[in-house]
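One structure, as structure tokens, below. Some questions next.
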Amino acid sequence: NIHCASSSWDKTIKIWNPATGACEATLHGHSDWVHAVKFSRDGSRLASCSSDQTVRTWSVAHGEALRVLTGHEQSALCVAWHPDGVHIASGSVDRVLRVWNADTG
């Protein structure tokens, strides 16, 4: 299935069906503005980053959080998956780029 995702100031992430325009899931877990979301290459997971200084990974199929990655000292503003599907890069206002292992943190 093809999905779209949106991030919001209301601390949520929404998973959308682009064919119907329907919201299929609302993901809760961040405690502040969610700035960016990015699907893994295979579309099974989503990474998000937030002003709560965390990066989170999510199961798209189950709509649940998989891992919370902590280490930024200020708002995390951007996130991207490496093509290997294991590593995530995130950038923050703290002027640090972090590379994470999505499976182990």
Side-chain angles (χ1 to χ4, degrees):
N1 291 339
I2 296 175
H3 293 93
C4 294
S6 61
S7 56
S8 178
W9 59 270
D10 70 359
K11 309 173 194 172
T12 67
I13 299 158
K14 294 192 184 291
I15 307 292
W16 302 89
N17 180 324
T20 65
C23 178
E24 295 186 346
T26 301
L27 310 180
H28 299 271
H30 284 290
S31 61
D32 206 337
W33 188 306
V34 182
H35 291 284
V37 292
K38 180 72 175 177
F39 284 101
S40 60
R41 188 175 210 169
D42 67 5
S44 67
R45 293 182 290 173
L46 188 71
S48 61
C49 61
S50 168
S51 283
D52 67 9
Q53 304 175 11
T54 68
V55 173
R56 294 173 185 255
T57 59
W58 308 84
S59 165
V60 174
H62 298 102
E64 62 188 22
L66 298 172
R67 186 165 301 282
V68 179
L69 306 169
T70 60
H72 283 297
E73 295 179 6
Q74 294 182 23
S75 298
L77 299 179
C78 57
V79 65
W81 286 90
H82 186 278
D84 68 10
V86 175
H87 294 93
I88 299 170
S90 61
S92 170
V93 175
D94 61 15
R95 299 172 65 177
V96 172
L97 174 71
R98 295 195 177 273
V99 177
W100 313 89
N101 181 309
D103 297 327
T104 64

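Any value given below was found using the heavy atoms of this structure, including those in side chains, with hydrogens, waters and symmetry copies removed.
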- Task: Any chance you could measure Asp32, atom CG, to Thr54, atom OG1, to the nearest 0.5 Å?
- Result: 9.5 Å
- Supply the members, apart from Val99, of the Ile/Leu/Val/Met/Phe/Trp/Tyr cluster built from side-chain contacts under 4.5 Å; use none for a lone residue. none
- Message: Looking at Arg41, is its backbone amide N or carbonyl O close enough to the side chain of Trp81 to form a donor-acceptor pair, meaning the two atoms are under 3.5 Å apart?
- Response: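 It does not hold such a pair.
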- Gln74 backbone acceptor or donor facing Ser92 side chain under 3.5 Å: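 Yes, Ser92 side chain to Gln74 backbone: donor-acceptor pair under 3.5 Å.
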- Query: Considering all heavy atoms of both residues, which atom of Cys49 and which atom of Cys78 are nearest to each other, and what is their separation?
  - Reply: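 Scanning both residues, the minimum pair turns out to be SG-N, 3.4 Å.
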- Item | Distance (rounded to the nearest 0.5 Å) between Arg45 CZ and Ile88 CD1 |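 Answer for the CZ-CD1 pair, Arg45 versus Ile88, is 7.0 Å.
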- Identify the heavy atoms of Ala80 and Lys38 that sit nearest to each other, and give their distance. CA-CG, 4.2 Å
- Message: To the closest 0.5 Å, what do you measure between CD (Glu73) and CD (Gln53)?
- Response: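 Separation between the atoms: 8.0 Å.
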- Message: Can you give me the closest heavy-atom contact between Asp84 and Val86, atom names plus distance?
- Response: OD1-N, 2.8 Å
- Message: For His35 and Ser75: C-alpha separation, side-chain torsions, deciding distance, then whether side chain to side chain donor-acceptor pair (under 3.5 Å) applies.
- Response: CA-CA 9 Å; His35 291 284; Ser75 298; 4.6 Å; no
- Least distance between heavy atoms, Thr104 atom then Asn101 atom: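 So the minimum-distance heavy-atom pair works out to N-OD1, 3.1 Å.
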- Item | Spatial distance of atom CZ (Arg67) from atom OG (Ser59) [nearest 0.5 Å] |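 Result: 13.5 Å between the selected atoms.
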- By the rule that ILVMFWY residues connect when side-chain heavy atoms come within less than 4.5 angstrom, directly or transitively, which residues belong alongside Ile13?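 Ile15, Leu27, Val34, Val37, Phe39, Leu46, Trp58, Val60, which link up through side-chain heavy atoms under 4.5 Å apart, make up the rest of the cluster.
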- Where do Arg98 and Gly71 come nearest, in terms of heavy atoms and distance? NH2-O, 2.9 Å
- Message: Tell me the closest heavy-atom pair linking Trp100 and Gly105, and the distance in Å.
- Response: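 Heavy atoms of Trp100 and Gly105 come nearest at CE3-O, 3.8 Å.
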- Message: With rounding to the nearest 0.5 angstrom, report the OG to NZ distance, Ser51 to Lys11.
- Response: 11.0 Å
